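Heads up: the structure comes next, in structure tokens.
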Amino acid sequence: MSFKCNLRFFLKSVFLTVSLSSISSLSASASSADIKKTVSSPWWKEAIFYEIYIRSFNDSDGDGVGDLNGITNKLDYLKSLGVDAVLLTPHYASPNIDSGYDVSDYRNVMKEYGSLSDFDRLIAEMKKRDMRLMIDIVVNHTSDQHPWFVESSKSKDNYYRDFYIWREGKEEAPPTTDKSSFGGSMWELSRKTGQYYFHTFSKHQPDLNWCNENVKQAVYRDIKFWLDKGVAGLRFDAIADFVKPYDTVDQFRKYKSETVEKVVDPKVHAYVKELNKKVFSGRDIATAAEVWRTPSEEVSLFTDPKRKELNFAFIFDAIFVGRKSVWEAKPWSLIDLKSAIGHVDKITGKNGWSAFFLTNHDNARQISHFGNDTPEWRNVSAKALATLNLTQRATPFIYQGDEIGMTNSSFPDINSFDDVQLKGYWTDLVDTRKVDAEYFMKNARMTNRDNSRTPFQWSPEHNAGFSTGTPWFKVNDNYKEINVSSQIDDPKSVYNYYKSLIAIRKSSPALIHGKYRDLDPGNVKVYAYTRSLKDEKYLVLINMSESNVRYLIPKNIKLKKIIIQNLDNPDFSESHVSLKPWQASIYKI
Ligand code: GLC
């Protein structure tokens, strides 16, 4: 039998093995030396994380809103996918102006989500399954209904006044003319005292004053409350905003302009160091920074282990490919995506670690942004993106629904959106006629975060099996075609491809820790990279286009065997691989 025939035979058997999702036989087909654990590493580098947007995951009590018991009921689903840790969007008491990112009580659970005992049960059930919970720490700001703010607003000289940032206006106008991240001024007048308070986000989210020692101490106590319950991870929301450059108008401009990247004030790092010392030290937890539009060189200051700040960061360079601003899209090419991913790998590879994700609760669906969500290419491109997600030197964060290929939803008009941010932009840009309504809507449909917030699609039944009541938000029209129950037993489903890839990643130290090398940064169709750790080496080839591509293998690379691929296409030789549209393959080399 020729080399090619041998490979054809081998490929066919491996593809079938993987597509049947029988990981034990996959492992058996790879030699055990391939998958031996060779690196000692903290758990959070090797874990597969799964982000849950609570409101839309699973409703256990029929009120139309997802809840904690709904998550507990689905832990076996997550465990069987291979998930080790869950990141929850905020679960705290909140008037819910910004999806819980407006906390009114840090020590309680949002009523619609359940109770403290439901939270305890969730942790206990996760522990039974050897899973960990990461929560979102939203302490850049509170809700305007938080008792601290209610007290703070009452007079100029109460204990809580200085918990927030209050300034006099300038001749009946706000202290500066700058805009908040959610549109409108950054300052809101409070009639009771005639002063303005500062808010980075909506006016219902006043910023805490981190210069105040009492604020810090109160926040430390609130975080410890959850850590003592067994929480194993903390995501610090909007961390770069903890220090407000509110005194210099020029600095403000630079800081807020949508296209200019933010510079992190060194005081932020001092705060984080203190948090590390006073709150995290001695606990085996994962800590992460959420940082938008901060140059990634600066982000690595948070994650450099020598600095004793945080473990890793959520960096948005890749997600920002194809975006002019938060709401406006722009054409992009694969070269841009590779360059963003490569840059982050280089930076955090040197100094720390990062999370890998191509979407989250603040972004459009990954398949609609980076793949092709039309029925013809949906499944294969979802699997291609899964391959990309799970072969990076970073901790993968799967966003709920990606594992079944959920897509962007349909939004006929501005009223069909729920998002406070988008509505703020509409008021600022469309109501003032700076931007044409149709142009705005065209972009919002592509970029808006509501795309990722529609109810989870569990089944083709009523409300996609998400709720027996009326869902708080419209279910995506495609739920009959895209849902868990039609995929779980289908060996060729997106779900089972994720499951296989997760198992492969977990058993391959090189795919987790190995060096990343982009083989062909200028190729506009194929993403080709290697991951290598000592003798364990892989080539990942992803055709991110709708064309057939004959890809030439560099002379110094010898393909030994195929580990997994998303299409049954065994056509390769020593010198080239014929890639079908959206084909993704991982080879042992
Ligand atoms: C973060 C959250 C986002 C929220 C904002 C304000 O960026 O991810 O959802 O709106 O902070 O808290």
Side-chain angles (χ1 to χ4, degrees), residues 49 51-57 66 87-104 106 110 113 134-146 149 164 179-184 186 188 198-208 210 219 222 233-244 255-256 258 261-262 264 268 288-294 299 302 310 312-317 319-320 323 325-327 355 357-365 397 399-400 417-425 444 447-454 473:
F49 276 74
E51 183 188 350
I52 292 186
Y53 182 77
I54 308 177
R55 206 164 191 76
S56 294
F57 187 62
L87 163 64
L88 287 188
T89 50
H91 61 281
Y92 318 94
S94 161
N96 203 38
I97 294 290
D98 179 23
S99 259
Y101 284 91
D102 46 326
V103 181
S104 56
Y106 286 113
M110 196 187 299
Y113 294 171
M134 175 181 252
I135 59 170
D136 214 327
I137 302 294
V138 190
V139 291
N140 172 67
H141 47 272
T142 67
S143 157
D144 58 355
Q145 293 183 29
H146 193 292
F149 187 75
Y164 297 86
K179 298 276 183 207
S180 89
S181 288
F182 287 179
M186 272 188 154
E188 183 68 16
F198 176 85
H199 56 92
T200 303
F201 300 97
S202 88
K203 65 179 181 188
H204 299 292
Q205 294 164 291
D207 278 44
L208 282 167
W210 272 75
V219 165
D222 287 340
L234 308 171
R235 167 204 188 260
F236 283 89
D237 185 66
I239 200 163
D241 294 312
F242 283 14
V243 174
K244 338 284 169 189
Y255 168 80
K256 274 301 141 195
E258 280 213 346
E261 292 187 318
K262 288 187 200 175
V264 180
V268 172
E290 184 228 20
V291 269
W292 273 90
R293 283 177 285 128
T294 302
V299 174
F302 287 113
L310 302 170
F312 61 91
F314 292 89
I315 303 174
F316 291 81
D317 293 29
I319 278 189
F320 233 70
R323 306 265 290 266
S325 68
V326 171
W327 67 274
F357 56 107
L358 291 174
T359 188
N360 71 350
H361 66 282
D362 288 333
N363 289 283
R365 284 280 171 188
F397 273 70
Y399 181 70
Q400 67 181 46
F417 288 102
D418 172 72
D419 182 15
V420 58
Q421 180 188 52
L422 188 78
K423 295 195 168 168
Y425 286 140
T447 57
N448 188 255
R449 51 193 195 166
D450 278 346
N451 280 305
S452 291
R453 297 176 173 192
T454 58
F473 204 29

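Just so you know, ligand 1 is whichever comes first in the structure, and atom 1 is the first atom listed for that ligand. Being a predicted model, the structure only gives us computed values, none of them experimental.
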(message) Does any part of the side chain of D144, heavy atoms only, come nearer than 4.5 Å to the side chain of H199, both counted from C-beta?
(response) no
(request) Taking the side chain as every heavy atom from C-beta outward, state whether Y101 and D136 have any atom pair closer than 4.5 Å. (result) yes
List the closest protein heavy-atom neighbour of [atom]: residue, atom name, distance to the nearest 0.1 Å.
| atom | result |
| --- | --- |
| atom 9 (O) of ligand 1 | D362 OD1, 2.7 Å |
| atom 7 (O) of ligand 1 | E290 OE2, 2.8 Å |
| atom 4 (C) of ligand 1 | D98 OD2, 3.3 Å |

Interfacing atoms of ligand 1 (cut-off 4.0 Å, heavy-atom, [X]):
| X | value |
| --- | --- |
| R453 | 9 (O) |
| W292 | 7 (O) |
| F182 | 10 (O) |
| H141 | 6 (C), 12 (O) |
| F201 | 5 (C), 6 (C) |
| R449 | 3 (C), 4 (C), 9 (O), 10 (O) |

(request) Answer yes or no: is there an ion pair linking D418 with R449, defined by an N-O contact shorter than 4.0 Å? (result) no
(request) Scan side-chain atoms only and decide if N363 and N360 contain a donor-acceptor pair under the 3.5 Å cut-off. (result) yes
(request) Take the angle between the ring planes of F357 and F314 and call it parallel below 30°, perpendicular above 60°, tilted in between. (result) perpendicular
(request) Could you check whether the rings of Y106 and H146 sit parallel, tilted or perpendicular, using 30° and 60° as the cut-offs? (result) tilted
(message) Minimum distance, heavy atoms only, to atom 11 (O) of ligand 1: which one of D136, D237, D419 is it?
(response) D237
(request) Count the heavy atoms belonging to other residues, nucleotides or ligands that lie under 6.0 Å from NZ of K423, then report whether that count exceeds 12. (result) yes
